[in-house]
**Q** 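Below is one structure. I have some questions about it.
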Protein chains: 2
Amino acid sequence: MLRYPGPADRTGSRRANLVLLLRTLREQGQVSRAQLAVHSGLSKATVSSLVGDLAQRGLVRPAGTTAGGQGRPGELVELRPSSACGVGLDLNVEHVGATVMDLTGEVLLRRQIACDVPASGPERVLDLLAEALAGVLGDVQARGGWVVGATVAVPGLVDTDGAVVRFAPRLRWREVALRNGLAARTGLALDFFGADNDANLAAIAEHHAGAAAGLDDFVYLTGDHGVGAGAFSRGELVRGHLGYAGEVGHMTLDPLGPWCSCGRRGCWETQVGLGALLHACATPDDPVRDPALDPDSRMALVRARAVSGDRRTLDALHQIGAALGAGVAVLVNLFNPAAVVLGGYFAALPEWLVEPVRSEVAARVLAEGAGGATIVASRLGFQAPATGGAAHALRRVLDDPATVPIEEHTEHTEGMVAP
Amino acid sequence: MLRYPGPADRTGSRRANLVLLLRTLREQGQVSRAQLAVHSGLSKATVSSLVGDLAQRGLVRPAGTTAGGQGRPGELVELRPSSACGVGLDLNVEHVGATVMDLTGEVLLRRQIACDVPASGPERVLDLLAEALAGVLGDVQARGGWVVGATVAVPGLVDTDGAVVRFAPRLRWREVALRNGLAARTGLALDFFGADNDANLAAIAEHHAGAAAGLDDFVYLTGDHGVGAGAFSRGELVRGHLGYAGEVGHMTLDPLGPWCSCGRRGCWETQVGLGALLHACATPDDPVRDPALDPDSRMALVRARAVSGDRRTLDALHQIGAALGAGVAVLVNLFNPAAVVLGGYFAALPEWLVEPVRSEVAARVLAEGAGGATIVASRLGFQAPATGGAAHALRRVLDDPATVPIEEHTEHTEGMVAP
DNA sequence: CCACTTCGTTGAGGAGCCGATCAAAAGTCG
DNA sequence: CGACTTTTGATCGGCTCCTCAACGAAGTGG
């Protein structure tokens, strides 16, 4: 019953209005104060004051004037690129990576460090993560920006507040104190760091500027050896009681199905995981099944065969697509999403997977027209989790611009009024 | 991307604080202004002003003084019973009903009108609903209260804004303009009326004062001929894009399972619906399967047999419980709820159903300890949907007490200060 | 009876928004 | 070309609503 836990913050309206302008600027690009006033419903006086505030914090800058039209031209304002940035840290089986996004939503840079993560053990991997982070911190500073936080995308269960990795079978991690480890290695504050499930962060990325942009209700599916889901409801992630929501890989869809590594039978990921795909479309000695190969190259190989019309590959994809659709239908019945975004390896083969999924869903969902759900492929592919991590880290600023200290940004704020 | 669609409401802090006090009063019962100030984090001055405001609207009243303790005794304040009320309207196969709840969460009265709903057709049923509503409106007025809204619990798909019943197979309804029909019959405003899926409203009821009280993340399961779910995430219902979320009854859990009335095989409700239970525990000529019998009596019969140790009944319940657990495990993996509340007929037989569900879930959920999910029976049983409808209608006041006009409530407001 | 404590009200002050007003910087038109 | 119109953005007074500090009120304990 604690919907409103704290006292209603008295400076809350100021913050909410700063957020409102920031969001408008991110959507519209360059806007004059007068346009901001109309779009936001605030008075011109208030908008002037708010824009001055944002300028003092270095978050916006002048951007010329409006052309044409009668009357005095407006002074355009835009988000300052390469100012406040968020970092998404990647934790994969064969590499770690860092992705930087700025306020405008632009991805500024990506770094990767190859590493056999399961073999190296958590301590060594945290060293590498800290190294990747330090690298991009330097790059961002060189561009005149600063980093407000970093979020790690973990292929496994992470506790609610993002401090500890509970269980990540693919990495062979269990109870790893991620946040403490990174804070100790970098000397940065604890609350600089967060962590979340890779499917959740990928969903954030698609929501931010991908296949689910602007959708309040959708489901993202990540496809790798395992299968995970990130679900948005009302524009927010469904996280669950302890943050473990979206564990779709081990739904039992067929009581008589194949055995799963988790010890049970008929788990969805035995039917649609990368293992199932490779098993269906390649013989054991096929180069596609070489474990040393990275996902992108594998998918390129499978793709090439599908394009060339290889019967075995096409049959395999159709079979996987149908099994995928059976599970997606469950998700659609449960969440009634506006879209289901197929990510991970699924996104590399949309021409052969999307259609079978679509028809299976149409046949299995109770609500007419699949309840309005469209099936689409991710636009961000394997980069979605890290991108989402960066977007998530940026939320600190986007949700409360007042956390950015007021400092000197004179070279960018000429002619902008202090409140 | 429209998280903040409107301008930040400038009077928002006032409203938020009124809501804060109202919620505190609902939880704590009788509280002094000083205690309210401490609990809410607001200043004593503000609390005095807000309480005066609520008193003028007739929502709170004096309730004596604090006993014992040093210093000046506090003047207790409490929510005024039988003041603002919400109505939940029930739409079942064999009756329609009305339930009234007041601000304190107390159910003031219930009315039922027997009626063969599928046979009567929507027009006749809307007449009866309007009649039931008119009856309780009178009763409430006689107690010095007033009704702020009514929400209809529909066993089927309702559109997002609660105006139209899209599809309710059990009622044989399709595209029924519920809101318009009720507004026309009663002369009340359109926005007086709402409608929602019965599982959603039952979940609201359990969240409000039932088995899921205070839980932000839980799933409610309704059990009747069909099976439906209402899921809470972050303290809010998961409704989905068009409001059709929670349609769990037709999840395909066994590709080779029995045929369902929807034309497919292996739907969950063929395994755990009331039909499956009766089929498993009674021969065709068993009186329990008499369609004229109401759900309560049926369950009483089955219950009596289970208590007496009837082997066939016990076997049937164990089989149903296991099948129920298989589906609940899917929900737990997806939503990671703090609790799964078994409602409808399941709630009438908890001694035999809860344990099989619990063990099945423990075996099938990936996260340790079922991700913290407990399995509990509903406390409200078949009354949950109507109760939730009333609670939902009350949200209008609880979310914005300022919608209640300031009128004369002098007999109750002596000594209470105007702002 | 008098300190002491706690409660609720009052008044001054500040944060923040809005409407009105005004100067500035264009186009438009006679 | 100069006056008029239009639009922008800053400024000012006023309003709402919160907080802090001070104060009288109403009890208890010595």
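Every chain is numbered from 1 and lettered A, B, ... according to where its sequence line falls, protein lines coming before strand lines.
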**Q** Heavy atoms under 4.0 Å, any strand shown: does A:Ala45 hit a base, just sugar-phosphate, or nothing?
**A** base
**Q** Round to a whole Å and report the spacing from CG of A:Leu50 to C1' of D:dA10.
**A** 14 Å
**Q** Any N or O donor-acceptor pair under 3.5 Å from the base of D:dT7 to the side chain of A:Arg72?
**A** no
**Q** Starting at CZ of B:Arg33 and ending at P of D:dA26, how long is that distance when rounded to a whole Å?
**A** 14 Å
**Q** For the side chain of B:Thr46, counting heavy atoms from C-beta on, which of D:dT19, C:dA26, C:dT9 is nearest?
**A** D:dT19
**Q** Checking contacts here: which listed nucleotide (D:dC18, D:dT6, D:dA26) is nearest the side-chain heavy atoms of A:Gln70?
**A** D:dT6
**Q** Side chains of A:Thr387 and A:Met101: does their closest heavy-atom pair fall under 4.5 Å?
**A** yes
**Q** What nucleotide, of D:dT8, D:dC18, D:dA26, holds the atom closest to the side chain of B:Asn17?
**A** D:dC18
**Q** Hey, which sits more toward the 5' end of DNA chain D by its nearest nucleotide, A:Gly71 or A:Ala34?
**A** A:Gly71
**Q** For the side chain of A:Leu42, counting heavy atoms from C-beta on, which of D:dG9, C:dC18, D:dT19 is nearest?
**A** C:dC18
**Q** Using only heavy-atom distances, determine whether the side chains of A:His208 and A:Arg26 contain a donor-acceptor pair under 3.5 Å.
**A** yes
**Q** Under 3.5 Å, is there a donor-acceptor pair between the A:Ser49 and A:Thr46 side chains?
**A** no
**Q** I need the A:Cys85 SG to A:Leu394 CG distance, nearest 0.5 Å.
**A** 7.0 Å
**Q** Whole-Å distance between D:dC15 P and B:Arg14 CZ?
**A** 17 Å
**Q** Report the distance from atom NZ of A:Lys44 to atom C1' of D:dG9, rounded to the nearest whole Å.
**A** 6 Å
**Q** Can you check the B:Leu36 CG to D:dT19 P distance for me, whole Å?
**A** 14 Å
